[in-house]
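The structure appears below as structure tokens.
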Amino acid sequence: WQGFIFVNLSPHPEQSLRDYLGELGQRLDDYPFMEMTTCYAYHGTFNANWKIGVSAFNEGYHLGFVHTQTGGMSLRAKENRFGRPIWVGLYDRHHTFSFFGNPEFKMTPVERIAAHYGAMMSQGARGFPLGANPSAHDKWALDANVIFPNFFIDVFQGSYFTYNFWPLSVDKTYYEMRSYYFPPRKASERFTQEFSRVWLRELLLEDLQMIEQSQLGVASGARPFFVLQDGEICVRHHMKVVDDHVSGRR
């Protein structure tokens with residue numbers, strides 16, 4: 001599907017890939033994935049359960065706290081201080097989370113140059129690419145599309161990136177991140193892509209630190225449970241689907 005390869009280990013799958021992807025796959029059919037062939041990748045391990053990794057990218061309120069020195073402020077403003085979703089789509093197993101984008105975000109001088117020559121996530125509300133921004137919100141930044149159990153496709157104007165989270169043990173996970181762009185036609189576009197990939201790397205490193213700290217908190221047993229608020233509805237959805245599979249309810 002769209003150049004991605006999915007593997008079903010069953011010799012007789014109960015449904016086709018198209019049926020498995022359902023409405024989410026249909027909505028993204030028109031997004032130009034296969035035209036974005038320039039790819040940058042990061043991978044490694046972090047010391048946390050894979051579900052904590054998935055949860056960390058399933059909400060937006062951490063942006064104003066974890067990413068204050070990088071790009072988190074481009075995804076929040078006075079009208080949406082805590083990164084609440086502007087649209088959510090919950091499907092049988094998958095879901096989509098639309099992030100708010102701040103059109104008044106003040107870029108650094110170098111960032112402004114990079115954004116002038118190409119698409120970057122920190123540009124805030126910009127564009128309506130095919131298959132993205134389901135609510136046609138005028139302050140949309142990007143969509144996080146989460147395909148159960150462990151695959152993210154985050155799409156925005158002129159680029160997209162993916163995450164995979166592979167459990168190695170109860171408290172260790174192998175992760176892969178890839179960012180994709182249209183082939184650069186000139187040096188200025190190449191500069192934008194180089195800046196963007198490094199910018200995304202810095203956000204990822206901040207997230208990984210937070211993920212490992214979250215694992216320490218969970219493992220301490222200091223709290224017997226956590227209450228997930230409405231801004232974490234996608235975290236709740238993913239946890240529910242995981243629990244249904246583990247318990248044999250589906």
Assign the ring pair F46 / Y175 to parallel, tilted or perpendicular, where the plane angle (0 to 90°) is split at 30° and 60°. parallel
Under 4.0 Å between a side-chain nitrogen and a carboxylate oxygen: does that hold for R249 and D243? yes
Euclidean distance, Q2 CD relative to L28 CG, rounded to 0.5 Å: 8.0 Å
Nearest 0.5 Å, what's the CZ-CG distance between F100 and N80? 5.5 Å
Could you check whether Y20 and F148 have their ring centres less than 6.0 Å apart? no
Would you compute the distance between atom CZ of R197 and atom CZ of R178 and round it to the nearest 0.5 angstrom? 15.0 Å
Neighbour count above 12 (heavy atom, 6.0 Å) for Q15 CD: yes
With the side chain counted from C-beta on, respond yes when E189 and Y181 share a heavy-atom pair under 4.5 Å apart, and no when they do not. no
Assess the residue pair S16 and D19 against the criterion (side chain to side chain donor-acceptor pair (under 3.5 Å)); give the C-alpha distance rounded to whole Å, side-chain angles, the decisive distance to 0.1 Å, and a yes or no. CA-CA 5 Å; S16 67; D19 289 340; 3.3 Å; yes
For the student: nearest non-hydrogen atoms of N8 and P13, plus distance: ND2-CB, 3.5 Å
Check whether any side-chain heavy atom of L200 lies under 4.5 Å from a side-chain heavy atom of Y42, and answer yes or no. no
Side-chain contact, heavy-atom cut-off 4.5 Å: D143 with P134? yes
Any side-chain heavy atom of F99 within less than 4.5 Å of one from L63? yes
CZ of F65 to CD of E206: how many Å apart, nearest 0.5 Å? 14.0 Å
Does some side-chain heavy atom of E212 sit less than 4.5 Å from a side-chain heavy atom of L208? no
Counting only heavy atoms from other residues, nucleotides and ligands, does the tally under 6.0 Å from NE2 of H245 exceed 12? yes
Can you confirm if the aromatic rings of F161 and Y180 lie within a centre distance of less than 6.0 Å? no
So that I know where these two stand, are H67 and H62 an aromatic pair - ring centroids less than 6.0 Å apart? yes
How is the hydrophobic cluster of M34 composed, in terms of its other members, when Ile, Leu, Val, Met, Phe, Trp and Tyr link through side-chain heavy atoms under 4.5 Å apart, directly or indirectly? none
For the residue pair S159 and Q193, establish whether any side-chain heavy-atom pair is separated by less than 4.5 Å. no
Tell me whether the centres of the aromatic rings in Y163 and F57 are closer together than 6.0 Å. yes
Salt-bridge criterion met for D230 and R236 (N-O under 4.0 Å): yes
Between F191 and F195, what is the ring plane arrangement, given parallel below 30°, perpendicular above 60°, and tilted in between? tilted
Could you report the tightest heavy-atom contact between R84 and Q229, atom names first, then the distance? NH1-OE1, 3.7 Å
Can you check side chain to side chain donor-acceptor pair (under 3.5 Å) on T96 and N145, steps first, answer last? CA-CA 4 Å; T96 297; N145 299 288; 2.8 Å; yes
Tell me if the aromatic rings of F82 and Y61 count as close, with their centers under 6.0 Å from one another. no
Looking at W166, I'd like to know if its CH2 atom is crowded, meaning that more than 12 non-hydrogen atoms belonging to other residues, nucleotides or ligands lie closer than 6.0 Å. no
Please report the C-alpha distance between N164 and H43 in whole Å, then the side-chain angles of each, then the deciding distance to 0.1 Å, and finally whether the side chain to side chain donor-acceptor pair (under 3.5 Å) criterion is met. CA-CA 9 Å; N164 283 99; H43 61 90; over 6 Å; no
Judged by atom type as modelled, is there a donor-acceptor pair below 3.5 Å linking the side chain of D171 to the main-chain atoms of A48? no
Do R190 and E194 sit within salt-bridge range, that is, some charged N less than 4.0 Å from a carboxylate O? yes
